[in-house]
Number of protein chains: 2
Amino acid sequence: METLRSPHYATPPKAAGFPKGWRLPFVRIFPASQEKHPPPVDYVGPPLADLAGERVFCSEFKYRKGIEIFGEGGHADEYVYQITSGAVRTYKMLPDGRHQINAFHLQGDMFGFENGVAHRFSADALVETHVRIIKRGSILDAMQNRVVSTKNLICFVTQNLQHAEDHMLLLGRKTSLERVAAFLLEMDERLAHPAMMLLPMNRRDIADYLGITLETVSRAFSILRDEALLRFDGNIQRRIELLDRHALAEFDA
Amino acid sequence: METLRSPHYATPPKAAGFPKGWRLPFVRIFPASQEKHPPPVDYVGPPLADLAGERVFCSEFKYRKGIEIFGEGGHADEYVYQITSGAVRTYKMLPDGRHQINAFHLQGDMFGFENGVAHRFSADALVETHVRIIKRGSILDAMQNRVVSTKNLICFVTQNLQHAEDHMLLLGRKTSLERVAAFLLEMDERLAHPAMMLLPMNRRDIADYLGITLETVSRAFSILRDEALLRFDGNIQRRIELLDRHALAEFDA
DNA sequence: CGAAGATTTGATCTGTATCAAGTGCAGTGG
DNA sequence: CCACTGCACTTGATACAGATCAAATCTTCG
């Protein structure tokens, strides 16, 4: 824990982060900083630092599957996160338990950029996830006098906004089959068109992302399988091979 | 048209802007600059200029009801817009005509901030609308060396993002009655809780904003009227008085 | 006044949710 | 190693919220 008390930041993000009740993940170990592999290390250099166009101090953390990284309404720590490996969901929740996942964040993605003092949404790890963390203030400090950096930063926020705009169209106006096709194409693109993709999220998370139920997601997958647009790798339903991306795009509106 | 050729920018935004086919608005006059009241004027000063913390050059335009300000996919002019009076919808469209309105922009709101060369969505005037226009580049130029301005600008984009996140929850997980209640409360707040509010948009626009049909919007209004949560001003169905904001908030999730 | 749009309301249809059951994989402990 | 247990996923039957189709009334404006 000593390295956590480095001069670069005082406490690990969400040091008291315990699994939340969402789906009662049976998780056992926290905080991640107690993990042995890899140990939290102070980190100096790109690519997160590229954002500011300067070398700024970062630190690395590990979150186990199902662990909350931060919670909606909680105090927004002064951190921005970049995923080294793994996957994260960010989501909002209604009082009665209905969920809406805003976005999935994969390797290389950044998230957690907020203005206010309270988090606008929750974030937790879908699988074991390593994140690099940078103090938000140090980005703005580092980019002082640098117009290029400002543009980079605005560009980052704008990318999130653009994704949200596309997703509003999906949530407001697409059919369930169109949603699932769009989801597959999005993941395919973000995973760089692998021959076989391993989805880090379960059917319920996909459903909460697409604004439908997990049964409807499952039925859509079955239809696309029967239409020979995709196939599962054996019995592992999260390993999917897209057989006809062009035809899949036709299913999307 | 002479004043349009001022040194501050070369061409009016969307100089060739004609009504689009959405609902075949029968509109007759364009460009707005040909209107007599008010004439386009070069404008120096706040509040748009406040964004950059400097005085920058602005110009004012007028758009008539139903007129497109810019179109999705079109060349993104180097402008940011602020509404002086009136109301604007920004929306995306699917090839088959399905719509999703991202946001309504009212007096004082800014919109049109984009990164790329192509507009990510369309914008058009719901009613006769006056906008102040600033060249995007001049904002970044003006804010050179000014961290405070950078924060302002990021804050603006983040506000849009926050609205989009809230709206994704609505579109993905709320019932039609919850959506309409949320819409009424949003408008009420943004219009500063007037005793009687005059909605600038019709039922179809509300529906396309909320991801439901216009009939469902109408039915929800009727339910809320029968429950004595709101009343219409005589026969003008767009003039609405909220009778019980607290109860309305209960209808929202 | 006449025509077109805006809104409401009713009847019916349907896509998706909900309820329910069964299979199979993964992790655990004996 | 295998059986046990819990979760993930699929599939089927049924219910229902909201879409669609339809029509009447009202509003607006030339």
Side-chain angles (χ1 to χ4, degrees), chain A residues 19 22-29 64-66 96-99 126-128 170-180 198-208 210-226 230-240, chain B residues 19 22-29 64-66 96-99 126-128 170-180 198-208 210-226 230-240 251 253:
Chain A
W22 186 345
R23 249 153 264 143
L24 304 174
F26 57 109
V27 195
R28 300 120 303 205
I29 301 178
R64 293 211 122 186
K65 178 176 173 178
D96 64 2
R98 281 173 284 175
H99 280 81
L126 288 166
V127 294
E128 181 172 297
L170 179 147
L171 292 171
R173 289 301 183 212
K174 291 189 181 178
T175 67
S176 61
L177 202 53
E178 288 168 345
R179 295 178 198 217
V180 172
L198 177 59
L199 298 178
M201 72 291 285
N202 62 25
R203 297 291 189 261
R204 171 172 283 273
D205 284 327
I206 297 171
D208 283 338
L210 299 177
I212 51 182
T213 61
L214 81 175
E215 292 96 331
T216 300
V217 171
S218 181
R219 282 184 240 271
F221 273 122
S222 297
I223 289 170
L224 296 173
R225 170 182 26 79
D226 295 347
L230 61 81
R231 69 178 193 83
F232 298 118
D233 180 18
N235 291 323
I236 305 168
Q237 280 98 342
R238 293 196 199 178
R239 289 187 67 89
I240 294 177
Chain B
W22 184 347
R23 249 154 263 144
L24 305 173
F26 55 110
V27 194
R28 300 120 302 203
I29 302 177
R64 292 209 123 188
K65 179 176 173 177
D96 64 2
R98 282 174 284 174
H99 281 79
L126 288 166
V127 294
E128 181 172 297
L170 180 147
L171 292 170
R173 290 299 182 211
K174 291 189 182 178
T175 67
S176 62
L177 203 53
E178 288 168 345
R179 293 177 200 218
V180 172
L198 177 58
L199 297 178
M201 71 291 285
N202 62 26
R203 300 289 189 260
R204 173 173 282 276
D205 285 327
I206 297 171
D208 283 338
L210 299 179
I212 52 183
T213 61
L214 80 176
E215 293 95 333
T216 300
V217 171
S218 182
R219 282 185 240 272
F221 274 123
S222 297
I223 290 170
L224 295 173
R225 167 178 34 74
D226 295 347
L230 61 82
R231 69 179 193 82
F232 298 120
D233 180 18
N235 293 323
I236 305 167
Q237 279 96 344
R238 294 197 199 178
R239 288 187 68 87
I240 294 176
F251 268 87

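The basis for the numbers below is simple: all heavy atoms, side chains too, and nothing from hydrogens, waters or symmetry mates. All chains are named by letter (A, B, ...) in the order of the sequence lines, taking the proteins before the strands, and each is independently numbered beginning at 1.
- Here C:dT14 presents its C1' atom at 16 Å from CG of A:L177, a figure rounded to the nearest Å.
- In this structure, A:N202 places its CG atom 14 Å from C1' of C:dA26, rounding to the nearest Å.
- Contact check, B:T213 against D:dG18: no side-chain N or O comes under 4.0 Å of OP1 or OP2.
- If you check the side chains of B:R225 and B:S222, you find a donor sitting under 3.5 Å from an acceptor.
- Mapping A:R238 and B:I212 onto DNA chain D by nearest heavy atom places A:R238 at the nucleotide closer to the 5' end.
- Sequence order on DNA chain C of the closest nucleotides to B:S222 and A:G211 puts B:S222 first from the 5' end.
- Note: CD1 (A:I240) to P (D:dA8) measures 16 Å, nearest angstrom.
- Counting non-hydrogen atoms under 4.0 angstrom, A:R225 reaches the backbone sugars and phosphates but no base.
- Side-chain atoms of A:R219 and base atoms of C:dT18 include a donor and an acceptor less than 3.5 Å apart.
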What's touching nucleotides 22-27 of chain D from the protein side, N or O pairs under 3.5 Å?
| unit_1 | atom_1 | unit_2 | atom_2 | d |
| --- | --- | --- | --- | --- |
| D:dT27 | OP1 | B:N235 | ND2 | 2.9 |

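- Residue B:S218 is in base contact, counting any heavy-atom pair closer than 4.0 Å across all strands shown.
- Note: NZ (B:K174) to C1' (D:dG18) measures 18 Å, nearest angstrom.
- The closest side-chain heavy-atom distance from A:L199 to A:I206 is below 4.5 Å.
- Across every non-hydrogen atom of A:R203 and A:Q237, the tightest pair is NH2-O, 3.0 Å.
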Subject >> Test side chain to side chain contact (heavy atoms under 4.5 Å, CB included) applied to B:L171 and B:R179, step by step >> reply: CA-CA 8 Å; B:L171 292 170; B:R179 293 177 200 218; 4.0 Å; yes
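- Counting to the nearest Å, the C1' atom of C:dT16 and the CD atom of A:E178 are 14 Å from each other.
- Without hydrogens or angle criteria, A:R173 side chain to B:R98 main chain gives no donor-acceptor distance under 3.5 Å.
- At the phosphate of D:dG18, neither OP1 nor OP2 sits under 4.0 Å from any side-chain N or O atom of B:T216.
- Within the 4.5 Å cutoff, no side-chain heavy atoms of B:L210 are placed close to those of B:T216.
- The CG atom of A:L210 sits 19 Å away from the P atom of C:dG15 (whole-angstrom rounding).
- Within the structure, every side-chain polar atom (N or O) of A:R203 is placed at least 4.0 Å from both OP1 and OP2 of D:dC7.
- Remark: C1' of D:dT10 and CG of A:L224 are 15 Å apart, rounded to the nearest angstrom.
- Going from atom CZ of B:F232 over to atom C1' of C:dA6 covers 12 Å, rounded to whole Å.
- Summarising the geometry of B:P200 relative to B:V127, their closest heavy-atom pair is O-CG1, 3.7 Å, with the distance given to 0.1 Å.
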